[in-house]
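Some notes on the structure that comes next.
Any value given below was found using the heavy atoms of this structure, including those in side chains, with hydrogens, waters and symmetry copies removed. Each chain gets a letter, A, B and so on, in the order the sequences are listed, and its residues count up from 1.
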Amino acid sequence: MPELPEVESIRRGLARRVRGDVIESVWLGEKPEPLKSPAPEIVATLEQARIAAVRRVGKHIVFDLESSQPSAISSQQEQVPRSARNDNSKRWDGHSQRKAQWIVHLGMTGRLVIAQPESKVARHTHAIVRLQSGRELRFVDPRRFGRLSVVRDPGGFAPGGQEPLGAGVRQFARLFRGRKTPIKSALLNQKLLRGVGNIYADESLYRAGIRPRRRASRLTGDELARLHRAVQQVLREAIRAGGSSVSDYVNADGDEGFFQFEHRVYGREGEPCRECRSAIKRVVIAGRSAHYCPKCQR
DNA sequence: AGGTTGACCTGGACGC
DNA sequence: TGCGTCCAGGTCAACC
């Protein structure tokens, strides 16, 4: 479902509502797919932790956790069976490192919803986090492409890639140097830029006037500068609009975004380009659909 | 080594 | 109404 602007909108809503709250208990569903860390490790890390901050890293939501009661955390830790831990996982030793992170990736259809305990548990709910304030944070994901994990390394969660809104134009241009892959695929590669997905890749290329199949290494300096500017503009505008609600995306407050009304090419196959009235084309590149205007993009 | 393809899942839209 | 087909905002492992 969500790309950077949608995840950012969800993050803002969550931060408003759960920052400072304490996790009292955690329920995890039977289906194992959504869990990237062992279930006992997730439970032990989350329970009794205070949510110090809610951040976004690419398309991931990162809950920064700290101990609410120092002794309670270490005793929770002791309850984790040795066998359930990775051998190379760092011990949370109760000294200066009393920090951990809960990482959520929403996949295509994942949602994080705030709910009252008495409200009906939706189909495809895979995790319920009960908070001291009496509310629940629920992870719902029909297609089960989303992932939950915890990180206790002192270095913290560190996927590769540049934040698209943090990269300067030189840094941005360097990412594509020597890459023979279509620029569309390069934009989707999270090891290069983290957070751009199919909608915003297509919309950015349209604004920059670049065809999605162009080889990344063949773009001129001018084109890279236009693309850098387009990516940042599109993402900023989409965040301001609360993201794109294409089928069922809603933010943490249950509100839809409205950037879908600003799409110039995505989902508009056969419709006229808003600039030149040519029919928008749809092709498949690396297994994903790509939309572009054959006249405005070269 | 780096790029492309299929697999992973469920559900909604559409055609017959 | 129902059944089949295609499509979907993402990411991996497996191939070339």
request  = Give one of base, sugar-phosphate or nothing for A:Pro159, where a contact means two heavy atoms less than 4.0 Å apart.
outcome  = nothing

message = At 4.0 Å (heavy atoms only), tell me whether A:Arg215 reaches a base, stays on the sugar-phosphate, or touches nothing.
response = nothing

With the side chain of [X] defined as its heavy atoms from C-beta on, choose the nearest nucleotide among [options].
X: A:Arg179; options: B:dT10, C:dG9, B:dG3; value: B:dG3
X: A:Asn198; options: C:dG10, B:dT10, C:dA8; value: C:dG10
X: A:His105; options: B:dT4, B:dC9, C:dT11; value: C:dT11
X: A:Tyr266; options: B:dC9, B:dG3, C:dG9; value: C:dG9
X: A:Glu6; options: B:dT4, B:dC9, C:dG9; value: C:dG9

key: Under 4.0 angstrom between A:Thr181 side-chain N/O and B:dT4 OP1 or OP2   = yes

ask   = With the 4.5 Å side-chain cut-off for hydrophobic clustering, are A:Leu131 and A:Val54 part of the same group?
value = yes

request  = Check whether A:Val22 and A:Leu46 end up in the same hydrophobic cluster, where Ile, Leu, Val, Met, Phe, Trp and Tyr are linked by side-chain heavy atoms less than 4.5 Å apart.
outcome  = no

ask   = Is there a residue in residues 279-289 of chain A whose heavy atoms reach under 4.0 Å of DNA chain C, and which residues are they?
value = A:Arg282, A:Arg288, A:Ser289

How many whole angstroms separate atom [atom1] of [X] from atom [atom2] of [N]?
X: A:Leu188; N: C:dC12; atom1: CG; atom2: C1'; answer: 15 Å
X: A:Ile10; N: C:dG10; atom1: CD1; atom2: P; answer: 13 Å
X: A:Lys36; N: C:dG10; atom1: NZ; atom2: P; answer: 16 Å
X: A:Arg144; N: C:dT11; atom1: CZ; atom2: P; answer: 18 Å
X: A:Glu3; N: C:dA8; atom1: CD; atom2: P; answer: 13 Å
X: A:Arg111; N: B:dG11; atom1: CZ; atom2: P; answer: 14 Å
X: A:Glu33; N: C:dC12; atom1: CD; atom2: C1'; answer: 14 Å
X: A:Lys180; N: B:dA1; atom1: NZ; atom2: C1'; answer: 10 Å

key: Inter-residue atom distance A:Tyr292.OH - A:Asp202.CG, 0.5 Å rounding   = 11.0 Å

task = Can you measure from OG (A:Ser217) to CD1 (A:Ile183) and round to the nearest 0.5 angstrom?
result = 9.5 Å

Euclidean distance for [atom1], [N] against [M] (whole angstrom):
N: C:dA14; M: B:dC9; atom1: P; answer: 15 Å
N: C:dC7; M: B:dT5; atom1: P; answer: 15 Å
N: C:dT5; M: B:dA7; atom1: P; answer: 16 Å

request  = Find the runs of at least 3 consecutive base pairs, i with j, i+1 with j-1 and so on, that include DNA chain B, using Watson-Crick or G-U wobble geometry with both distances under 3.5 Å.
outcome  = B:2-8 with C:10-16, B:10-16 with C:2-8

query = Under the 3.5 angstrom rule, does the side chain of A:Ser37 hit a backbone N or O of A:Ile42 as a donor-acceptor pair?
reply = no

task = Ignoring hydrogens and angles, tell me if any N or O in the side chain of A:Gln171 forms a donor-acceptor pair with the backbone of A:Gly168 under 3.5 Å.
result = yes

Short N-O contact, [X] and [Y], less than 4.0 angstrom:
X: A:Arg56; Y: A:Glu163; result: yes
X: A:Arg55; Y: A:Asp64; result: yes
X: A:Arg264; Y: A:Glu275; result: no
X: A:Glu24; Y: A:Arg130; result: no

task = Report yes or no: is the ring centroid of A:Phe145 under 5.5 Å from the six-membered base ring centroid of C:dT11, with the two planes under 30 degrees?
result = no

Under 3.5 Å donor-acceptor pair, A:Arg143 side-chain atoms to B:dC9 base atoms = yes

request  = Determine the sole option in A:Arg16, A:Arg50, A:Arg135 for which the salt bridge (charged side-chain N to carboxylate O under 4.0 Å, His left out) test with A:Asp21 is passed.
outcome  = A:Arg135

